[in-house]
Amino acid sequence: LEFDLYQDYSFLRGGDGTQTLYGKPVQMLTLQTFRLPSFKSVEDMHNGLQASQACIAGEGKQIPNAAHCKRFYAYNPSILQLHDGKVLLFARLSNWSLCSWAGSGRPYADYTSTRWPNAVFEEYHSHMAYLVLPELEVMGKASSQNDSVARHLALSEDLWIRTRAPFFEVFRQGLEDPRLLRVGKEVLALVVYGKRAGRKEGTRLADKRVETAGAFRQALVTLGECCESESISVGAEDFVPLETDFDRHAQQKNWMPFVHENRVFAIYQLMPTMKVLALDATTGSATLAHETVTAEAFGALKRAEVRGGSQCVHVPEEKLYLGVAHISRGRSAYTHVFFSFADTPPFGLLGVSREWCLAHEEQLDSERPSLVCEGVQFVSGIALLGRKSVPEGGESGGHLVMTYGVMDCDARLARMPLRAVLKAILPAVRSKPEL
């Protein structure tokens, strides 16, 4: 099934008093999906503390028409296969959400008339929660036992303070959008945090003479041989900020990490070239290792930004890595593509699928249910599950399990046969030499 994506606002037609917005056909994938309700207990724990949270900070004055404190929601989950038939799920837990956002304007309050040191602003905090489930339950081959409990990932006080930064209109604090990896026996998470003074521009929330606006940055968090113990905590010694030797003042989000020969790499961008970084969890360096041309493969994506998404997983029998990127046409118009790239350096792009979204039935009127996709869906994790050993030259089996967030307020999971994913990927026009 497919629908026409009418979100290309830069291309308006119609001279008879009406305007038609023309977009691209997008495949609607009607997969077996389910919510991850076990994260709700951690949401409730944080919402119980809501009354003491300073959502509107500043001089302590009552601000007319100030935004109410937003609830905490779990979303943008990541997934990793553990040993002994277990699966690890991590999710962002935050009071930044689009649950009640109408889709126009900004999803936060901005008190532009106030300035440091009397600035008024909203506070947004991001924590992480984790959950271990049997693989059979994730694959739908065993019923839920309803005894799986999500746990809060505790951050040390110094790390919590270190991740607090003033952006242009709001303060952000904590760790966001984990992507899970395994290197040997260790589990790592590539996360986003706010770095103080990461941009050149000033902010009304800080003294411009001494501090500029914060910026999103990436960091590696070492979780060790986790995660079935009673509790896990992360301190400053487990947190390694990553610094690139280029684009130092740009926002850096949604890197797509993968592991090759026990080394961690990350796709920094996919268009117009694919930049692959080598990450060092000891020094925090993120150096450009390979760059190849990809523009022709993504040529059909008109008036759209190609951005990062999930971590990437290895399909050894196909000699490739597989990932999910997201396509943006504004704050509330996301779609996705599958893509694959070679499993040897320089990791050249092999192919890209058509755009797609994850659809579900919804009763919009008195007629029969309609298939719809939320405007903001974000596939933040993938894993290959249900696989048996594949002989050389044999067909890839098992399922690609995708974890995704919806409207920054819901954590969901979907499954799709791996063979169907691989067949959906169209070969790139031709291979390109490394730059």
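Numbers here simply count residues along the sequence, with the first being 1.
- Pairs engaging residues 402-411 under the side chain to side chain donor-acceptor pair (under 3.5 Å) rule: Arg35-Asp410, Trp96-Asp408, Asp410-Arg412 [sequence neighbours left out].
- Looking at Tyr321, Phe347, Phe258 one by one, the single match for ring pair (Phe, Tyr, Trp, His ring centres under 6.0 Å) with His314 turns out to be Tyr321.
- No donor-acceptor distance shorter than 3.5 angstrom exists from the side chain of Ser340 to the backbone of Leu322, with no hydrogens or angles considered.
- Side-chain atoms of Asp158 and Ser156 form a donor-acceptor pair, as typed in the model, at a separation below 3.5 Å.
- No side-chain N or O of Ser126 forms a donor-acceptor pair with one of Arg172 less than 3.5 Å apart.
- Considering only residues two or more places apart in sequence or on other chains, Asn254 meets the side chain to side chain donor-acceptor pair (under 3.5 Å) condition with Arg179.
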N/O donor-acceptor pairs under 3.5 Å from side chains in residues 241-248, not counting sequence neighbours:
from	atom 1	to	atom 2	distance (Å)
Glu243	OE2	Lys195	NZ	2.9
Thr244	OG1	Phe246	O	2.4
Thr244	OG1	Gln252	NE2	3.2
Asp247	OD2	Tyr268	OH	2.8
Arg248	NE	Thr244	O	3.4
Arg248	NH1	Thr244	O	3.4
Arg248	NH2	Thr244	O	3.2

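- Here NE2 of His127 is found 5.0 Å from NE2 of His152. Values are rounded to the nearest 0.5 Å.
- With sequence neighbours excluded, the residues that form a side chain to side chain donor-acceptor pair (under 3.5 Å) with Arg196 are Glu211.
- Screening Val379, Val313, Val421 against Val324 for a side chain to side chain contact (heavy atoms under 4.5 Å, CB included) leaves a single residue, Val379.
- Salt-bridge annotation for Glu135 and Arg387: absent, with no side-chain N of the basic residue lying under 4.0 Å from a carboxylate O of the acidic one.
- Scanning for side chain to side chain donor-acceptor pair (under 3.5 Å) contacts around Ser233 gives an empty result, with sequence neighbours left out.
- For Arg182, the side-chain contact (heavy atoms from CB on, under 4.5 Å) test picks out Leu80, Leu82, with sequence neighbours left out.
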